[in-house]
Amino acid sequence: MSKKTSSVYLFILGILLPGMIIHAQPSLKVTFQNQFLVGAALSGHRIMGKDRAAMDLVKEQFNTLTPENDMKWERMHPKPGVYNFTVADRYVEIGESQGMHLVAHTLIWHNQTPDWVFEDENGNPTCRDTLLMRMRDHIYTIMSRYRGKIQSWDVVNEAINDDGSLRDSKWKQIIGDDYLEYAFTYAREADPGAQLIYNDFSLASRAKREGTLKMVKHLQSKGVRVDAIGMQGHYDMTYPRLKELEASIEAFAQLGVQVVITELDVSVLPWPDLPPGAEVTGRFQYHPELDPYKEGLPENVQQDLSERYASLFRVFSRHSDKISRVTFWGVDDGKSWKNNFPVRGRTDYALLFDRNLKPKPAFDAVIKINP
Ligand code: GLA
């Protein structure tokens with residue numbers, strides 16, 4: 001080869017190689033495409049186009065989305081008769097333009113629901129009939145607008161206590177134990193084609209698993225269909241034990257429903273003295289010893305986190321006949337809610353992308369588990 005020809009080759013390689021290296025970055029959605037969808041939760045800021053870099057990463061890596069806060073009752077329906085569709089409409093546009101599977105979170109919950117929902121004009125608890133009417137109006141209005149566009153709905157969020165009993169929420173107090181039957185029935189009527197989900201945290205814990213099984217079986221005995229159980233994966237380095245996680249996935253699948261992992265993150269920080277999970281009202285005082293990795297994550301913890309993520313994904317992958325979706329609660333460590341829960345102002349490392357949106361060793365470990 002002449003000197004001239006070889007320098008032309010080198011020149012061409014010099015152009016191609018960097019491009020090839022950039023495109024060699026594997027993606028979660030392609031890696032798991034034969035197993036389950038992989039998704040991320042989006043903040044309103046990101047949905048409204050104020051973080052281009054994060055959205056580019058989302059489009060590259062994920063094939064399903066969930067809005068982190070913007071489809072909760074307080075955002076969508078802040079006052080009687082007042083609905084706010086701006087962010088949700090934009091969310092649907094993004095999902096549609098990318099051909100992504102869209103999830104709505106969440107219709108009926110005890111948190112982030114304004115007081116007026118449960119009160120009469122004097123501020124006293126309203127009656128069962130009025131609350132059922134409000135529930136129906138809320139579900140019909142929102143689901144009809146996005147019928148055929150949003151495929152999956154968290155219909156009821158967090159109805160079960162850690163001991164497996166039904167949470168004594170205002171929904172239960174005012175309507176009664178049968179409020180879940182109504183919520184799922186209204187949702188089914190509003191969009192018969194949608195996947196309807198019951199979503200909760202700590203579902204890998206035995207008592208809560210049993211309580212959830214009992215509740216879903218009861219709904220089924222009344223002819224009310226739940227399509228999927230959403231296991232919020234707010235995990236840490238030890239909770240849940242993999243055996244317990246598998247036991248729940250298997251038990252839920254035996255009900256004839258799908259399992260979806262809906263809010264995955266893995267905290268590396270010490271958990272103050274309260275039950276594991278995500279009861280969002282629980283907050284603890286900041287102490288420096290609760291925030292050990294402010295200056296960066298030591299290599300050994302980075303490795304432990306990678307191994308922890310890999311072992312979780314090995315379980316998901318093994319049960320991919322039962323699991324249709326795995327959604328992370330956020331995209332990157334910087335914007336994860338875990339920096340502020342259950343203690344405000346800490347530095348956590350709960351996701352697969354770092355504060356510069358770069359893949360972490362945990363990302364590589366997850367990608368590698370797939371044969
Ligand atoms: C729960 C809810 C989510 C969110 C998280 C914290 O898991 O389901 O909507 O509020 O807590 O971000």
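Atoms within each ligand, like the ligands themselves, are counted from 1 in listed order. Everything numeric here is computed off the predicted structure, so don't read it as measured data. Numbering starts at 1 and runs along the sequence shown.
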Quick one: look at [X] and ligand 1, take heavy-atom pairs under 4.0 Å, and tell me if it's side chain, backbone, both or neither.
{"X": "Phe341", "answer": "neither"}
{"X": "Trp329", "answer": "side chain"}
{"X": "Asn157", "answer": "side chain"}

Taking only heavy atoms of [X], which atoms of ligand 1 are found under 4.0 Å from at least one of them?
{"X": "Glu158", "value": "1 (C), 2 (C), 7 (O), 8 (O)"}
{"X": "His234", "value": "7 (O)"}
{"X": "Gln112", "value": "10 (O)"}

Sidechain N-carboxylate O distance under 4.0 Å for Glu244, Arg209: yes

Lys/Arg N to Asp/Glu carboxylate O, Glu246 vs Arg318, below 4.0 Å: yes

Decide if atom CZ of Arg147 counts as having more than 12 heavy atoms of other residues, nucleotides or ligands within a radius under 6.0 Å. yes

Any N/O pair [X]/ligand 1 closer than 3.5 Å:
{"X": "Lys72", "result": "yes"}
{"X": "Glu263", "result": "yes"}
{"X": "Asn199", "result": "no"}

Quick check: closest heavy atoms across [X] and [Y], and the distance to 0.1 Å?
{"X": "Tyr146", "Y": "Ala88", "answer": "OH-CB, 3.2 Å"}
{"X": "Lys360", "Y": "Phe353", "answer": "CD-C, 3.6 Å"}
{"X": "Gln232", "Y": "Phe201", "answer": "OE1-CB, 3.2 Å"}
{"X": "Ile369", "Y": "Ser317", "answer": "CD1-CB, 3.9 Å"}

Proximal candidate to atom 3 (C) of ligand 1 [heavy atom criterion; set Met71, Lys338, Gln232, His105]: His105

